[in-house]
Amino acid sequence: MIRIQLEHLDKHFGATHVLCDFSLDINPGEFLVLLGPSGCGKTTCLRTVAGLEQPDAGCVLLDDRDVTQLEPRDRDMAMVFQSYALYPHLDVFENIAFPLRVRKLAVSYVERRVKEAAERLGLAALLRRRPRELSGGQRQRVALARAIVRQPNAFLFDEPLSNLDAKLRVEMRAELKRLQHDLGVTSLYVTHDQAEAMTLGRRLAVMKDGVLEQIGPPEEVYSRPANLFVAGFLGNPSMNFFPGRVDAAARAFASEGIAVDLSPEPMARLTDGASVTLGVRPENVELDRQPRDGWIPGRVYVSEAMGNENLVVVRVGEHSLTCRAAPEMQLDFESPVWVRFRPDRLHFFDTSTTKALWP
Ligand SMILES: Nc1ncnc2c1ncn2[C@@H]1O[C@H](COP(=O)(O)OP(=O)(O)OP(=O)(O)O)[C@@H](O)[C@H]1O
Ligand SMILES: [Mg+2]
C-alpha cells in the first residue's frame, strides 16, 4: 500500500489555469474520491498522478519519493476509464491478461491470475468473447479485471461508471467499493456524480476551477460544507439558499417573505446587519397543510412523487424552495402550505466571501 501526495501542483493549458496550487494527501490503502463539475480539472489531476501529464510546478510523491519526472510505466498505477479502453480484437481473457503479457510473465502464472480476476468479477463464463459481444456493464468489469490482475501500486479511476445505465451504475458502485476494500489498494476516484462521491470514498475532496474547496469524510462535507459552492454541489435536490440580512435586535434572519427566528444558538455566529445567505437542505424543511404558529406560509408550485418520498417545490414570495415530504403528503398545484426550517440544521454563509459561518 502506497501513500500518494500531490504538493502544490500547478498546471496551465494555454490560458486555462487547470490546477491551482493543488495539494492532496492520499493515505496508504485509502479510497479517496475527487468530486467536481465538468471541466474543473479532475482528469488532469488524475493524469498528473499517473505521469501522463507534467505539472508546470509542484510535485507528486509516492511513499515520500518524488516521482514527478518518472514515466507512467515506472509508477505502476492502473487507470480505469469511462470508455473502458478494451482491445476490440482480443477476447476477454487476453484483454485481462494484457498487462501481464507485456511483462512477459510465465504462461501458467498469467493463466492463474486472469482466472482469479475473472472469477472475482463474475466473468469466468465470458473469457472467450470479444468486447463487442459484451454489455456495457460486462465491458466495465473486464476493464476492472485488467486493472486488478497485475496488483498495481494504486488504482486511478476516471468516472468508470458513467457510461452505465442507472441501475447497473448503482450495482457496480457497491461492487467497486467492496472490491477496493478487499484489495486494500490506494485509490483515487474522480467523478462529477455526487451520489458516487458520497457513497464510495472514505474521504471526499471537492474541487472547482482547479482549486481544492474542501476535504473530509463525506458526512462531514455534507453536514458542514465550507462554502456556498460545496453546499450547493453536494446533495440532491440541492440545498435551498436565501440571501438576506441579520437583525440582532429581533434575533432574526430576514429575506424577502421569509423571517427565521435565530434564538438562541445561531446568533452567536452572526453579526447584526450582516449580509448572509441562509442554507437549508430539503430534508430539513418541515411541511404542513395547516397554518402553524411561526411557520412560513407558501403555495405549492409543483409536487413530484418519487415513491418513497415527495419532492415538493413551494413558492414563498419571490423564493422557491424544495422540501422532502412523506409519500402520503399528496399536494395539488397552488395548495396553501406552511413550512418551517429545522432550527438546529441551519447553514449560514457570508454572502460576499461565500464562506460558511460556524460558531
Ligand atoms: N490537452 C488539453 N489541451 C488543452 N486544454 C485541455 C486539455 N485537457 C484539458 N483541457 C482543459 O482543461 C480543463 C480541465 O479539463 P479536465 O479534463 O481535467 O476536466 P474534468 O474535471 O475531468 O472534466 P469532465 O468532468 O468533463 O471530465 C478544461 O477546461 C479542459 O478544456
Ligand atoms: Mg474528466
Side-chain angles (χ1 to χ4, degrees), residues 4-26 31-60 67-69 71-72 75 77-86 136 139-140 143-144 146-147 154-166 168-170 172-173 176 180 187-201 203-216 218 221 225-236 238:
I4 305 173
Q5 286 164 286
L6 313 183
E7 295 198 331
H8 307 291
L9 291 179
D10 235 76
K11 176 78 181 172
H12 290 79
F13 284 120
T16 321
H17 200 174
V18 188
L19 295 175
C20 318
D21 193 22
F22 194 89
S23 298
L24 201 60
D25 197 343
I26 310 166
F31 197 154
L32 190 130
V33 175
L34 184 57
L35 172 73
S38 186
C40 74
K42 303 180 296 295
T43 296
T44 306
C45 176
L46 207 65
R47 289 172 57 84
T48 308
V49 178
L52 298 164
E53 296 285 353
Q54 274 295 310
D56 303 336
C59 52
V60 178
V67 299
T68 319
Q69 304 304 323
E71 289 294 316
R75 302 189 190 192
M77 298 178 166
M79 241 175 130
V80 181
F81 305 93
Q82 177 179 350
S83 61
Y84 318 139
L86 302 178
R139 282 179 212 181
Q140 190 52 278
L144 284 172
R146 185 178 57 187
F155 291 129
L156 304 175
F157 296 103
D158 194 356
E159 317 220 17
L161 307 182
S162 45
N163 279 353
L164 304 178
D165 68 43
L168 200 53
R169 195 155 67 220
V170 173
M172 281 300 285
R173 189 172 80 196
L176 203 61
Q180 197 275 344
S187 303
L188 178 59
Y189 186 108
V190 312
T191 181
H192 63 259
D193 180 319
Q194 54 99 25
E196 275 174 31
M198 284 300 295
T199 53
L200 276 173
R203 275 196 311 154
L204 166 60
V206 184
M207 76 184 287
K208 179 194 166 206
D209 298 340
V211 176
L212 185 67
E213 298 280 329
Q214 188 172 5
I215 182 164
V221 178
N227 54 46
L228 279 172
F229 172 75
V230 176
F233 199 68
L234 267 189
N236 187 22
S238 284

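Values reported hereafter were calculated over all heavy atoms of this structure, with side chains retained and with hydrogens, waters and symmetry mates removed. Every number for a ligand or one of its atoms is a count from 1 in the order of the listing.
- Shown here are the protein N/O/S atoms lying under 2.8 Å from the Mg ion (ligand 2), water excluded: Thr43 OG1.
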| message | Checking Asn227 against Gln214 for the side chain to side chain contact (heavy atoms under 4.5 Å, CB included) test, could you report, in this order, the C-alpha distance in whole Å, the side-chain angles of both residues, the deciding distance, and whether it holds? | response | CA-CA 9 Å; Asn227 54 46; Gln214 188 172 5; 5.9 Å; no

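- Among Thr44, Asp209, Asp158, the residue whose heavy atom lies closest to atom 18 (O) of ligand 1 is Thr44.
- The distance criterion of under 3.5 Å between nitrogen or oxygen atoms is not met by Phe13 with respect to ligand 1.
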| request: Evaluate side chain to side chain contact (heavy atoms under 4.5 Å, CB included) for Met207 paired with Leu19, printing each intermediate quantity in order. | output: CA-CA 10 Å; Met207 76 184 287; Leu19 295 175; 4.0 Å; yes

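- Atom 7 (C) of ligand 1 is approached by the protein to below 4.0 angstrom, counting heavy atoms only.
- Here the CG atom belonging to Leu52 is positioned 9.0 Å from the CG atom belonging to Leu156, to the nearest 0.5 angstrom.
- Put simply, atom 31 (O) of ligand 1 has no protein non-hydrogen atoms near it, under 4.0 Å away.
- Nearest non-hydrogen protein atom to atom 25 (O) of ligand 1 is Lys42 NZ, 2.8 Å.
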| request: Just do the side chain to side chain contact (heavy atoms under 4.5 Å, CB included) check on Asp193 and Leu161 with the steps written out, would you? | output: CA-CA 10 Å; Asp193 180 319; Leu161 307 182; over 6 Å; no

| Step by step, would you call Leu35 with Lys42 a side chain to side chain contact (heavy atoms under 4.5 Å, CB included)? | CA-CA 8 Å; Leu35 172 73; Lys42 303 180 296 295; 6.0 Å; no

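- For the atom pair NE2 of His8 and SG of Cys20, the computed distance is 13.5 Å after rounding to the nearest 0.5 Å.
- Rounding to the nearest 0.5 Å gives a distance of 9.5 Å between CG of Leu164 and CD of Gln82.
- Protein heavy atom in closest approach to atom 28 (C) of ligand 1: Gly39 O, 3.8 Å.
- When all heavy atoms of Leu204 and Ala197 are compared, the closest pair comes out as CD1-CB, 3.6 Å.
- How far CG of Leu34 is from CG of Leu212: 7.5 Å, rounded to the nearest 0.5 Å.
- Classification of the Phe155-Phe157 ring pair by plane angle, with boundaries at 30° and 60°, yields tilted.
- Residue Arg47 places no heavy atom under 4.0 Å from ligand 1.
- Among all non-hydrogen protein atoms, the one lying nearest atom 12 (O) of ligand 1 is Val18 CG2, 3.4 Å.
- One finds the CZ atom of Phe229 at 9.0 Å from the CG atom of Leu234 (value rounded to the nearest 0.5 Å).
- Assignment of Gly36 to the shell around ligand 1 is not supported, since no heavy atom sits closer than 4.0 Å.
- Nearest non-hydrogen protein atom to atom 26 (O) of ligand 1 is Ser38 OG, 2.5 Å.
- Of the protein's non-hydrogen atoms, the one nearest atom 27 (O) of ligand 1 is Thr43 OG1, 3.9 Å.
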